[in-house]
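Remember, it's a predicted structure, so these values are computed and weren't measured experimentally.
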Amino acid sequence: MRTRYCGALRAEDVGATVTVCGWVARRREHGEHLAFLDVRDHTGLVQCVVDGAHALRSEYVVRVTGTVRLRPEGTANEGLATGEVELGECAVETLNPAEPPPFVLDARGDVDESVRLRYRYLDLRTERMQRNLRLRATVNSAIRRAMERQGFCEVETPLLWTPTPEGAREFAVPSRLQRGAFYVLPQSPQIAKQLTMVGGLDRYYQIARCLRDEDLRADRQFEFTQLDLEASFVGEREVRGFVSEAVAEATEAATGVRPTDFPVITWADAIERYGSDKPDLRFAMEIVDVAPALVGTGFNAFRAPAVRAIVVPGGGDLARARLDGLVERAKGLGAKGLVWMRVVPASGDGGEPGALGIESPVGKFLAPEERAGIVRAVGAAAGDLVLVVADERRRACEVLGQLRLDVGRPPVAEGPYRFVWVVDFPLFDGVDEEGRPVAAHHPFTMPHPDDLERFESEPLSVRAQSYDLVLNGWELGSGSIRIHRADVQEKVFAALGISAEEADARFGFLTGAFRYGAPPHGGFAFGVDRLTAILAGEENIREVIAFPKTQSGADLMTGAPKALAPRQLAELGIRIVGP
RNA sequence: GGACCUGUGGUGCAGCUCGGAGUGCACGCCGGCCUGUCAAGCCGGAGGUCGCGGGUUCAAAUCCCGUCAGGUCCGCCA
């Protein structure tokens, strides 16, 4: 039907007679005997010169046969890949007419997202969506290449899985053959992939769809895609190596530049220095301990377990209203308050040249050496702004970590790409209402061997062999070395308050499998949607998903979710109660 | 479950604070003119339940209450 793609025609094709197929992107009529027709396919646009175009409209599907020729002197279009040439002596065949589209498909102005989603099949024709979906395919392909090169075997796991009431809310699927019983859609292939290790697959991977019935966000859809992997007889470093390789391959395929730097930071350091377990390393503004400068201070607000600060370079000119806003923000985040200090050249005479002072609402409560000590400790220069929070250590760090992002963070999709591994997470994340530790990752995570002796005495100080991969402040994914021995697993279940019977009822098929010779194993999963979005320069994963849902879980194109026909409900034995 | 932003011809916006006739801009659409444009240009035209419901008022796009939809965030996401 066609001999060439629109976007591929170049000066070296001059003289060739070609046939292209595509959509009418635009037409420019110059009277009865001259019109320009931009024909678009997935590769780009080519200008066709026709003798009148009255019968053709936007988005008509056409087949054009013409001769490639150079455009006349001075009429080339440098903004177009095919801008040196055009198709002349065109015969245009309309393969299908089209109604005027509800929105213009070129790159001008934003279109409301609900309109785009309602007509997603049209939105997909835009250059942006074409680029994003093809980038996603490139990323997938690179991931497969890297995993296969590293000896991983692709295994598909069931979508109809068994309920494991733990963690994310699951989508339920009623069974027709066993009325009243349900499958669930997997929130991840976690347990299945561990069973492939027991099954001797050695290295498993899958670009897997995961489903979680939780509220949606810019970086969360009900269904999302993960590179899921698991390997036997490996430690943490090897797993991180596998993942770094896959991410590097994908990033190189997408951007042309292979990232080589995958620094490792401990969870404790990440909290100390960045106030977050997903630090954005594209900018500094690290948190500094200024308590040493305030030993024995007379200023009550600073007599706290921890006093930490960040410097906003050049932030001294922030308006008072903005500073008040930051104070409110800090309080909203749970801090008792926030002290700001503008760093200025020291006033008065007698000071050393270059000496610095501060302007701050609380300046008068601080001794001169305390003011100087803070400025020195944070390494601030004149014109900078210092933000100080005094509180419990973790809270002070986390509040400053959030302020650091509020004040200094570039858009997530703006380069450079700064990956970082966060390791040594705590095994437990606080305690529940009954005072029991809560699993930070999942209950199959192996504790750090050095911390096992503190398991009973200080469970909250036990580190896990788990690790997150972070890119530009977005958590791409997480993984861990798993427990493969029954005795350790029992200890963890006990600490979590899960009885042997309960564990057996919930995960019996897993713990049972582990009695038959489970190899030491560990793995990881990272979000392909998130990685692709960042590499595509998009702030929202909907932009890299062909048919996403809205924040309320609706598919505006199909109208899903919808009521089922009474007959379908009857077959499933389901009666709808309530509104 | 909660907070905030948005909703005005097909699309994107302005108008809303201070109520006074559906007023305006750009794009698209339809028709006419136009032989080198490329977001073509020029002229003309059509197109509206101001998301929906209620209230206040002589009078509501505008003020108030409720509700729906889209978005951002908190909770939630082992």
Cation over ring face, A:R530 and A:F224, 6.0 Å, 45°: no
Rounded distance (nearest 0.5 Å) linking atom NZ of A:K193 with atom CG of A:L195: 12.0 Å
Sugar-phosphate only, base, or nothing, as touched by A:R217 at under 4.0 Å among non-hydrogen atoms: base
Spacing of the C1' atoms in B:G66 and B:C27 (rounded, Å): 36 Å
Matching residue for A:R482 among A:Q190, A:M197, A:Q465 - test: side-chain contact (heavy atoms from CB on, under 4.5 Å): A:Q190
A:R26 vs B:A40: side-chain N/O to OP1/OP2 distance below 4.0 Å: yes
B/S/- contact track for nucleotides 25-35 of chain B, protein heavy atom under 4.0 Å: --SSSSS--BB
Nucleotide B:C77, atom P - distance to CD of A:Q221 in whole Å: 18 Å
Most 5' of A:A440 and A:T550 on RNA chain B, judged by nearest nucleotide: A:T550
Atom-to-atom span, NZ of A:K331 to P of B:A3 - whole angstrom: 22 Å
N-O pairing of A:R209 and A:E223 below 4.0 Å: yes
Contact under 4.0 Å: A:R28 side-chain N or O vs B:A40 OP1/OP2: yes
Assigned partner base of B:U72, Watson-Crick or wobble definition, under 3.5 Å: B:A3
Residue A:V115, side-chain heavy atoms: nucleotide from B:G12, B:C38, B:G10 that is nearest: B:G12
Sugar-phosphate only, base, or nothing, as touched by A:A76 at under 4.0 Å among non-hydrogen atoms: base
Who pairs with B:U57 - Watson-Crick or G-U, where each distance is under 3.5 Å: none
Atom-to-atom span, CZ of A:R169 to P of B:G1 - whole angstrom: 10 Å
Separation of atom CZ in A:R116 from atom P in B:G12, rounded to whole Å: 11 Å
P spacing across the pair B:C34 / B:U23, given as an integer number of angstrom: 35 Å
Position toward the 5' end of RNA chain B (nearest nucleotide), A:A554 or A:Q47: A:Q47
Base-pairing mate for B:C13 - Watson-Crick or G-U, with both contacts under 3.5 Å: B:G24
Separation of the P atoms in B:C18 and B:A26, to the nearest angstrom: 30 Å
Interatomic distance where CD belongs to A:E73 and P belongs to B:U37 [whole Å]: 13 Å
Heavy-atom donor-acceptor pair, A:D112 side-chain to B:G12 base, under 3.5 Å: no
A:E86 (side chain) and B:G36 (base): donor-acceptor pair under 3.5 Å: yes
From B:U72, B:C76, B:G36, nucleotide with atom closest to A:R542 side chain: B:U72
Polar side chain donor-acceptor pair, A:E398 to A:Q402, under 3.5 angstrom: no
Touch class at under 4.0 angstrom, heavy-atom based, for A:L556 against every strand present: sugar-phosphate
Interatomic distance where CG belongs to A:D110 and P belongs to B:C5 [whole Å]: 20 Å
Distance between C1' atoms of B:C64 and B:U17 (Å, rounded): 15 Å
Sugar-phosphate, base or nothing in reach of A:R69, heavy atoms under 4.0 Å: base
Heavy-atom donor-acceptor pair, A:Y205 side chain to A:E230 backbone, under 3.5 Å: no
Same-atom distance (P) from B:C5 to B:C77, integer angstrom: 28 Å
P-based separation of B:G53 from B:A60 [nearest Å]: 14 Å
Nearest-angstrom distance from the residue atom CD of A:E113 to C1' of B:G7: 15 Å
Pairwise distance CG(A:D51) to CG(A:L34) - rounded to 0.5 angstrom: 8.0 Å
Proximity of A:F444 and A:F507 rings by center, below 6.0 Å: yes
Nucleotide paired to B:U67 in any strand shown, Watson-Crick or G-U, under 3.5 Å: B:G51
B:G7 and B:C13, which share atom name C1', separated by this distance in whole Å: 12 Å
Evaluation steps, side chain to side chain donor-acceptor pair (under 3.5 Å), between A:T164 and A:E170: CA-CA 9 Å; A:T164 51; A:E170 297 162 325; 3.1 Å; yes
Length of the line joining A:D215:CG and B:G70:P, which is rounded to integer Å: 13 Å
Side-chain H-bond candidate by donor/acceptor type, A:H54 with A:E29, under 3.5 Å: yes
Touch class at under 4.0 angstrom, heavy-atom based, for A:N540 against every strand present: sugar-phosphate
B:C30 to B:G10 separation - P atoms, rounded to the nearest Å: 15 Å
Centroid under 5.5 Å and tilt under 30°, A:F103 to B:U11: no
Parallel, tilted or perpendicular, as decided by the 30° and 60° cut-offs, for the rings of A:Y467 and A:F524: parallel
Sugar-phosphate only, base, or nothing, as touched by A:S552 at under 4.0 Å among non-hydrogen atoms: sugar-phosphate
Sugar-phosphate only, base, or nothing, as touched by A:P72 at under 4.0 Å among non-hydrogen atoms: base
Watson-Crick or G-U counterpart of B:G44, or none if no pair lies under 3.5 Å: B:C30
Sugar-phosphate, base or nothing in reach of A:A35, heavy atoms under 4.0 Å: nothing
Side chain A:R212 and base B:C77 donor-acceptor under 3.5 Å: no
Nearest listed nucleotide, side chain of A:E214, among B:U72, B:A39, B:C77: B:C77
Residue A:T75, side-chain atoms from C-beta onward, closest of B:C73, B:U37, B:U11: B:U37
